[in-house]
Amino acid sequence: MEKDASAFLGHLAHEMRPRSDQWAGLLVERMRAELPELARHADLAEDALSETADHVSAFLDALEHDRDAAGAPPTALELARGFAEAGVPLTTLLRTYRLGHAGLLQLLQEQVTRVTDDQPLANAATLLLIETGFAYVDRSSEQVVAAYQEVRDRRVQRRLVITNEASRRIGTTLDTVRTAEELAEVGTDGFADLATVDILDSVLRDGGRLRPADAPVLRRVAQRSVLDGCPDSPFATDERHVYAPASVPAEVLATGRPVLLPVGAADTPSWLAPPEAPGFGFHSVLLLPLYARGTTLGLAQFVRHRTATPFDDDDLLLAQDIAARAALHIDNARRYAHERATALTLQRSLLPRRPVEQSAVETAARYLPSGSRAGVGGDWYDVIPLSGGRCALVVGDVVGRGLNAAATMGRLRTAVRAFADIDLMPDELLTHLDDVVIRLQREESREDGEISATCLYAVYDPATRLCSLASAGHLPPAVATSAAEAPREGADPAVLPALPIGPPLGLGGLPFETVQWELPENSLLALYTDGLVQSRTRDLDASLTLLGETLASAARSSAPPDEVCERLLAATLPESPSDDVALLVARTRALDPGHVATLDLPSDPAAVSGARRFAADTLGSWGLDDLSFTTELIVSELVTNAIRHGKPPVQLRLVLDAALTCEVFDANSTAPHMRRARTFDEGGRGLLLVAQLAARWGTRHGREGKTIWAEQALPREAAVSEADAPPQL
């Protein structure tokens with residue numbers, strides 16, 4: 001019976017062969033009815049008709065010649081690869097096989113019952129038909145699934161490559177625009193034909209959030225196309241634009257949900273196609289919100305028009321992953337830019353805005369924030385006028401970056417000014433500043449990090465041309481004398497003084513040391529932070545040598561401090577500085593010896609009258625007779641106080657500079673204090689009188705005693721004359 005059934009099916013298959021194309025059409029229509037998702041892939045549906053016809057032909061050929069069916073026809077393998085490329089699930093592919101082969105068996109079984117009335121033959125033929133059909137399905141489906149999986153594996157591998165490339169190439173800098181450009185570059189590298197990145201204009205300007213009622217005004221910050229010049233984009237780079245409220249991009253921005261949008265040639269939206277050239281063949285678009293840390297930042301679009309395969313759900317997931325990574329990096333860049341701008345604004349607001357007008361030194365300064373990811377640091381400089389025409393020069397560096405370092409810098413600069421106001425010696429000032437840093441360490445939380453800083457504090461006296469300075473962990477200054485003051489012809493006037501460097505601020509318990517040396521007139525001092533001389537390509541000693549040589553060259557050419565700053569930066573600044581740079585250049589001046597009058601006094605109350613006469617005679621020679629009366633009163637009170645409460649030796653010094661300063665020195669370190677005298681007290685009113693007559697007064701301590709000083713403003717005529725006179729250099 002089996003042989004008869006085989007012959008019967010062979011004869012039946014031979015007769016049915018002319019109708020194979022018709023049967024293939026019927027089977028495809030049945031599959032379309034059962035699987036409506038195939039309608040989304042018109043090209044696959046057309047290939048399915050040819051593939052089904054080949055299946056019918058192959059199966060009929062196996063029945064006709066009574067042999068095992070061969071493997072799946074080439075069209076079946078190509079269709080399986082097409083399903084894989086289109087992202088159609090494998091289950092859908094297997095369902096098409098089940099529906100197609102089940103339908104073919106049903107059609108053949110109907111033909112069997114139509115051709116013969118022999119029920120045993122019909123039953124045997126049906127069993128053989130089913131057996132042959134299942135054998136064919138088993139063999140061909142294995143080959144089809146293998147072809148499908150091969151393509152899927154390649155797609156997965158390609159997605160892994162794209163994901164890895166996105167991780168490696170996106171976010172290499174803390175720059176918003178560059179990060180957006182990296183997203184567009186990765187998006188068009190084997191994934192999309194056009195990639196655009198729009199950032200909300202409010203985010204770029206002030207970091208604000210998108211409010212529901214706001215019109216989403218965006219700026220096209222980056223775009224890339226497989227076509228040169230991005231002719232397929234309706235907006236130019238850096239162009240501001242608004243999407244219509246009912247448009248898909250506006251909906252994506254409002255809801256935060258990504259969209260996979262099929263596009264037809266006839267219904268290409270205006271926000272996608274350039275108005276002057278809409279015929280680029282757009283057929284598939286991915287729109288993804290750039291969303292990070294609760295903030296909508298913008299919109300990314302991936303478009304296909306040259307790649308025939310449309311985007312699928314797997315592509316959407318891949319694009320979501322890439323966009324999420326990019327959004328996080330863009331938000332990091334936005335936050336960094338905002339914090340850096342805030343810290344830089346704070347830093348610059350805390351630094352001197354213009355050179356301080358004083359006669360001891362001529363100064364110029366530069367502050368350069370680093371361009372690295374570390375952000376703005378805590379470098380600072382300052383020029384502080386002191387009593388007696390002296391001047392303090394300060395440079396410091398707070399360890400750390402960002403707002404906290406800038407704020408700490410401001411607190412330390414304020415503390416230095418407060419300590420300078422009471423005329424502390426450089427080493428004593430740094431000791432007090434060290435205590436301030438230790439106190440700040442106790443007040444700050446551990447999360448803010450350890451507070452530490454370095455500082456160099458120098459005091460220059462134009463009357464004696466002495467420079468006193470101390471260092472707390474800071475590099476020594478560079479000093480250069482003018483060519484006229486060089487020790488011998490051809491000698492290099494550059495000097496890096498041997499300064500004992502104390503510990504950084506914040507360690508506590510360790511001493512600082514003040515050193516002094518005499519500077520010739522017109523000398524140059526360069527105080528700087530380590531960002532100026534630290535380089536990855538040059539060791540510190542080489543940088544310091546270069547700094548000294550450049551400063552010496554500037555001293556020989558008598559360049560002004562502003563020009564000296566530029567020369568030093570050009571010569572020593574690293575190509576990509578990783579740290580902030582603070583640079584302070586000062587050219588020293590010497591006070592005219594005729595503007596300083598000194599009188600040694602015996603420790604005798606009778607010496608007060610002589611001090612008054614000396615003051616009156618000196619002011620008469622200076623043409624300041626208008627100040628004689630108040631100056632005599634001030635001198636009388638200060639000298640009387642020194643003789644009565646101090647220790648010998650006692651010395652009176654008058655200094656004429658931008659103001660008139662009266663100084664009385666004695667060897668007692670105890671500072672006087674102004675108090676309120678009672679009605680019948682015979683004393684206690686001297687310092688109160690001095691405070692009323694002088695513009696400023698105070699006490700400064702030295703190693704061997706103290707100096708009480710009082711400063712008076714010059715009369716307007718004398719001040720004008722003094723300003724018109726050339727500086728004493």
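Quantities reported herein were computed from a predicted structural model and do not represent experimental measurements. All values below come from the heavy atoms of this structure, side chains included, with hydrogens, waters and symmetry mates left out.
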Flag, side chain of D604 to backbone of A607, donor-acceptor distance under 3.5 Å: no
Are any non-hydrogen side-chain atoms of E521 and R465 less than 4.5 angstrom apart? yes
What I'd like to find out is whether the side chain of L525 reaches to under 4.5 Å of the side chain of V585, using heavy atoms alone. no
Measuring only between side-chain heavy atoms, which start at C-beta, is L519 closer than 4.5 Å to C467? yes
Salt-bridge test for R335 and D331: reply yes if a basic N is under 4.0 Å from a carboxylate O, no otherwise. yes
Is any side-chain heavy atom of H432 closer than 4.5 Å to a side-chain heavy atom of L424? yes
Going by an N to O cut-off under 4.0 Å, is there a salt bridge joining K706 and D423? no
Is the shortest distance from a Lys or Arg side-chain nitrogen in D382 or R413 to a carboxylate oxygen in the other one below 4.0 Å? yes
Where A472 and F512 come nearest, the two heavy atoms and their spacing: CB-CE2, 3.5 Å
Sub-4.5 Å side-chain heavy-atom contact between E663 and Q651: no
Should E704 and K647 count as an ion pair when the cut-off is N to O under 4.0 Å? no
C455 side chain reached by D397 side chain, heavy atoms, under 4.5 Å: no
Using side-chain heavy atoms (C-beta onward) and a distance below 4.5 Å, is L393 in contact with L584? yes
Regarding S468 and Q516, do their side chains bring together a donor and an acceptor under 3.5 Å, going by distance alone? yes
Between S543 and V533, is there a donor-acceptor pair closer than 3.5 Å when you use the side chain of the first and the backbone of the second? yes
